[in-house]
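Data block below; observations after.
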Amino acid sequence: MSDVNELARRIDAALAGVKDKAQQQTQQRLQEHQERQGLLKEYEKAQAKIVETVKPRLETLAKRAGERAKVTPAVSQTRRAASFEFKSPKAQIVLTFSVAPDQQVKRAVVESDLKVVPVLWKFDSHSEFSTPIANVDTDGLTKWLDDRILSVVGMFVEIHEAEVFDKAEMVEDPVAKISFPKFAAGATLDQGGKTHFFIDEKTRAEFATQKGIAGA
């Protein structure tokens with residue numbers, strides 16, 4: 001029969017092993033936490049650079065949209081976002097841009113999410129641009145963002161194109177005898193207090209020749 005003291009020693013050794021393992025795991029988690037905090041500090045610098053690049057472009061979109069869009073910013077610990085809710089009687093349109101780090105905090109991911117209800121038009125609901133935190137690709141980000149904004153603007157125009165034409169003031173090219181929206185005129189010419197609108201410079205020049213308007 002084995003000694004009871006030997007049994008007690010083996011129990012204590014097993015418990016000590018569990019304690020040592022728990023301490024090692026705690027130290028490892030602490031180290032990982034400290035490393036992540038350091039990475040997050042570097043991410044904050046990259047995020048600031050991204051916001052500096054993105055902000056004037058989103059402000060331009062907001063300014064051009066005017067009262068047609070409500071802009072809502074959102075800030076959390078590592079994520080920043082801005083949502084554009086466009087007012088439209090034909091569709092519910094919400095465009096959101098956001099930036100956050102990837103899981104390893106090695107790259108900053110800028111995302112664009114578009115929601116349109118009802119889904120009657122073709123569009124990309126999601127797009128993203130990823131860049132190393134240590135070396136933010138501002139040129140690539142700018143191109144991606146501009147393309148995304150113009151894509152959404154194009155879709156908005158497509159949805160409301162008929163409405164725009166219905167409300168537009170129509171004019172007629174006096175040479176080509178073609179009616180078109182005033183805002184689409186390719187050239188104009190003032191004569192005797194009246195402004196004439198033309199589809200292009202060619203019909204404008206022909207009109208000037210017909211009327212004997214020198215230097216026009």
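Below, all heavy atoms of this structure are taken into account, side chains as well, without hydrogens, waters or symmetry copies.
- Remark: side-chain polar atoms of N5 are not paired, donor with acceptor, to backbone N or O of A8 under 3.5 angstrom.
- Counting non-hydrogen atoms of other residues, nucleotides and ligands closer than 6.0 Å to CD of Q103 gives a total of 12 or fewer.
- Side chain of D173 to main chain of I199: a donor-acceptor pair is present (N/O by atom type, distance under 3.5 Å, no hydrogens or angles).
- Taken to the nearest 0.5 Å, the CD atom of E169 stands 11.0 Å off from the CZ atom of F180.
- With contacts defined as side-chain heavy-atom distances shorter than 4.5 Å, the pair T53/T142 qualifies.
- Listed for the R107 side chain is a donor-acceptor partner under 3.5 Å among the backbone atoms of S130.
- The line from CZ of F156 to CZ of F86 is 7.0 Å long, rounded to the nearest 0.5 Å.
- Taking a 4.5 Å side-chain heavy-atom cut-off between Ile, Leu, Val, Met, Phe, Trp and Tyr, the cluster of V18 contains only that residue.
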Under 3.5 Å, which donor-acceptor pairs link side chains of residues 181-194 to any protein atom two or more places apart or in another chain?
unit_1, atom_1, unit_2, atom_2, d
D190, OD1, T195, OG1, 2.5
Q191, OE1, H196, NE2, 3.2

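- Between K143 and D147, at least one side-chain nitrogen of the basic residue sits less than 4.0 Å from a carboxylate oxygen of the acidic one, meeting the salt-bridge criterion.
- Checked by atom type and distance alone, the side chain of Q47 pairs as donor or acceptor with a backbone atom of T78 at under 3.5 Å.
- Looking at every heavy atom in both residues, F97 comes nearest to I149 through CZ-CG1, 4.0 Å.
- T203 contributes no side-chain N or O that, together with a main-chain N or O of V175, makes up a donor-acceptor pair within less than 3.5 Å.
- Under the 4.5 Å side-chain heavy-atom criterion for Ile, Leu, Val, Met, Phe, Trp and Tyr, V152 and L58 are members of the same hydrophobic cluster.
- The number of heavy-atom neighbours closer than 6.0 Å to CD of E52, taken from other residues, nucleotides and ligands shown, is 12 or below.
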> Does the pair W144 and S127 meet the rule for a side-chain hydrogen bond (donor to acceptor under 3.5 Å, both in side chains), with working shown?
Replying inline: CA-CA 9 Å; W144 173 84; S127 179; 2.9 Å; yes
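- Of all heavy-atom pairs spanning F197 and P174, the tightest one is O-CD, 3.4 Å.
- The minimum heavy-atom distance linking S98 with A81 is given by the pair CB-CB, 3.7 Å.
- Between the NZ atom of K122 and the CE atom of M155 there is a distance of 13.5 Å, given to the nearest 0.5 Å.
- Placement of V71 and V94 in two distinct hydrophobic clusters is found when ILVMFWY residues are connected by side-chain heavy-atom separations under 4.5 Å, directly or transitively.
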>> Assess the residue pair L141 and V110 against the criterion (side-chain contact (heavy atoms from CB on, under 4.5 Å)); give the C-alpha distance rounded to whole Å, side-chain angles, the decisive distance to 0.1 Å, and a yes or no.
In response: CA-CA 8 Å; L141 173 60; V110 185; 4.0 Å; yes
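- Ion pair E42/K45 flagged as a salt bridge, since at least one NZ, NE, NH1 or NH2 atom sits closer than 4.0 Å to an Asp/Glu carboxylate oxygen.
- In this structure the side chain of K106 reaches within 4.5 angstrom of the side chain of L39, judged on heavy atoms.
- Residues satisfying the side-chain hydrogen bond (donor to acceptor under 3.5 Å, both in side chains) criterion with R9, sequence neighbours excluded, are E6.
- When side chains are defined from C-beta on, F129 does not count as touching L145, because their heavy atoms never get closer than 4.5 Å.
- Cluster annotation: L150 is not connected to V54 through the hydrophobic network of ILVMFWY side chains, with a link wherever side-chain heavy atoms come within less than 4.5 Å.
- Checking each of T72, D113, T96 against S83 for a side chain to side chain donor-acceptor pair (under 3.5 Å) leaves exactly one that passes, namely T96.
- For the pair V99/Y43, a side-chain contact is recorded, criterion being any heavy-atom separation below 4.5 Å from C-beta on.
- Both L15 and L7 are members of a single hydrophobic cluster when ILVMFWY side chains are connected at heavy-atom separations under 4.5 Å.
- Smallest separation of non-hydrogen atoms from D124 and L114: O-CB, 3.9 Å.
- A continuous path of hydrophobic side-chain contacts links I159 to F84 [ILVMFWY only; heavy atoms under 4.5 Å].
- Between atom CG of residue L61 and atom CG of residue D146 there is a gap of 10.5 Å, rounded to the nearest 0.5 Å.
- I133 approaches A46 most closely through the heavy-atom pair O-CB, 3.7 Å.
- Here the straight-line distance linking atom OG of S179 with atom CE of M170 works out to 5.5 Å at 0.5 Å rounding.
- Counting heavy atoms from C-beta on, the side chains of R80 and I50 never come closer than 4.5 Å.
- The NE2 atom of H126 sits 4.5 Å away from atom CD of E111, with the distance rounded to the nearest 0.5 Å.
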